[in-house]
Amino acid sequence: MAYDKQKAQQIWQVVTTIPEGKVASYGQIADLAGLPGRARLTGKVLGYAPSALKLPWYRVLKSNGQLAFPAGSPMAEKQKGHLQEEGVVVLKNRVRLKDFGWIPELAELLSLKF
DNA sequence: GTATTGACAGACG
DNA sequence: GCGTCTGCCAATA
């Protein structure tokens with residue numbers, strides 16, 4: 001394909017690293033995946049991600065903590081459901097990053113083999 | 001090879 | 001907190 005499959009898998013790896021009850025932004029994922037400034041690529045790659053990977057894409061939000069999908073959309077509702085199921089409070093298609101924002105720890109970074 | 005689009009981010013008001 | 005504009009970069013047409 002036209003995109004680097006290695007990077008894509010790296011992104012998926014990072015997303016998988018997000019702990020339960022926490023959320024991360026696309027930019028954050030892209031940065032940890034070694035793709036600084038390529039937040040949009042993260043979104044595309046997540047779109048390619050097969051459901052077989054059990055990828056917690058619903059833990060990935062915009063930089064301001066808002067869901068990437070419009071409120072009322074099937075995907076948004078599903079995402080909201082999953083988050084609430086894990087203890088993350090979602091109001092008005094938005095999450096309190098102050099409380100649920102994921103702060104990458106050293107252990108997390110090490111698991112990415114940097 | 002050029003133009004348009006996008007599961008975004010940051011700055012402004 | 002919210003809408004708008006600009007910047008970035010890759011995928012698609």
Side-chain angles (χ1 to χ4, degrees):
Chain A
M1 287 304 285
Y3 71 93
D4 197 332
K5 196 171 183 180
Q6 184 68 31
K7 304 292 186 186
Q9 188 156 19
Q10 183 75 347
I11 291 176
W12 297 335
Q13 176 65 32
V14 175
V15 175
T16 304
T17 309
I18 304 176
E20 252 182 54
K22 295 289 183 177
V23 295
S25 66
Y26 284 89
Q28 181 126 30
I29 299 300
D31 186 38
L32 292 174
L35 298 169
R38 266 142 285 244
R40 310 196 90 131
L41 239 295
T42 305
K44 274 184 165 52
V45 171
L46 287 182
Y48 301 145
S51 56
L53 294 177
K54 300 176 182 176
L55 197 66
W57 55 269
Y58 46 84
R59 292 182 191 150
V60 186
L61 314 173
K62 289 194 182 184
S63 61
N64 66 341
Q66 188 172 37
L67 300 190
F69 291 104
S73 190
M75 298 292 273
E77 289 299 305
K78 182 176 181 177
Q79 180 174 22
K80 177 169 167 283
H82 278 295
L83 290 174
Q84 288 183 147
E85 198 170 320
E86 296 188 352
V88 178
V89 179
V90 180
L91 292 176
K92 299 297 180 181
N93 218 72
R94 187 168 292 110
V95 178
R96 290 188 188 182
L97 288 179
K98 185 180 180 185
D99 296 328
F100 302 106
W102 176 48
I103 302 175
E105 298 177 22
L106 183 61
E108 312 294 353
L109 297 177
L110 290 176
S111 66
L112 298 177
K113 301 175 181 175
F114 268 106

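Under the 4.5 Å side-chain heavy-atom criterion for grouping Ile, Leu, Val, Met, Phe, Trp and Tyr, A/Val89 is not connected to A/Ile103 through any hydrophobic cluster.
Partners of A/Ala24 under the side-chain contact (heavy atoms from CB on, under 4.5 Å) rule, at least two apart in sequence or in another chain, are A/Ile18, A/Gln28, A/Ile29, A/Trp102. Taking A/Tyr26 as the reference, nothing meets the ring pair (Phe, Tyr, Trp, His ring centres under 6.0 Å) condition, with sequence neighbours excluded.
Two residues are said to be in side-chain contact when any heavy atoms from C-beta on lie closer than 4.5 Å; A/Leu61 and A/Ser25 fail this criterion.
Separating the CD1 atom of A/Ile11 from the C1' atom of B/dA7 is a distance of 12 Å, rounded to the nearest angstrom. For the pair A/Tyr48 OH and C/dA11 P, the interatomic distance rounds to 7 Å; values are reported in whole Å. In this structure, CG of A/Leu41 is placed 15 Å from C1' of C/dG7, rounded to the nearest angstrom.
Non-hydrogen atoms lying under 4.0 Å from DNA chain B are contributed by nothing in residues 92-104 of chain A. Within residues 65-80 of chain A, the residues approaching DNA chain B are A/Ala68, A/Phe69, by heavy-atom distance under 4.0 Å. Within residues 83-91 of chain A, no residue places a heavy atom under 4.0 Å from DNA chain B.
Heavy atoms only, all atoms of each residue included: A/Gly21 and A/Phe100 are closest at O-CD2, 3.4 Å. Nearest approach of A/Leu97 to A/Ser63, heavy atoms of both residues: CD1-O, 3.4 Å. Across all non-hydrogen atoms, the minimal contact from A/Thr42 to A/Ala30 is OG1-CB, 3.2 Å.
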Can you tabulate the close N/O pairs, meaning under 3.5 Å, that link protein atoms to atoms of nucleotides 9-13 of chain B?
unit_1 : atom_1 : unit_2  : atom_2 : d
B/dA9  : OP1    : A/Tyr26 : N      : 3.2
B/dA9  : OP1    : A/Gly27 : N      : 3.0
B/dA9  : OP1    : A/Ser63 : N      : 3.3
B/dA9  : OP2    : A/Ser63 : N      : 2.6

What do the steps show when you test A/Leu83 against A/Leu67 for side-chain contact (heavy atoms from CB on, under 4.5 Å), and what is the final call?
-> CA-CA 11 Å; A/Leu83 290 174; A/Leu67 300 190; 4.1 Å; yes
Intermediate values then yes/no, side-chain contact (heavy atoms from CB on, under 4.5 Å), A/Leu46 and A/Leu55 = CA-CA 8 Å; A/Leu46 287 182; A/Leu55 197 66; 3.5 Å; yes
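Counting non-hydrogen atoms of neighbouring residues, nucleotides and ligands closer than 6.0 angstrom, the CD atom of A/Glu105 reaches no more than 12 such neighbours.
Applying the side-chain hydrogen bond (donor to acceptor under 3.5 Å, both in side chains) rule to pairs touching residues 85-97 of chain A yields A/Tyr58-A/Glu86, A/Arg59-A/Glu86, sequence neighbours excluded. The salt bridge (Lys or Arg N to Asp or Glu O under 4.0 Å) contacts involving residues 6-22 of chain A comprise nothing, where partners must be two or more places apart or lie in separate chains. Listed by first and then second residue, the side-chain hydrogen bond (donor to acceptor under 3.5 Å, both in side chains) pairs that reach into residues 66-81 of chain A come to none, sequence neighbours excluded.
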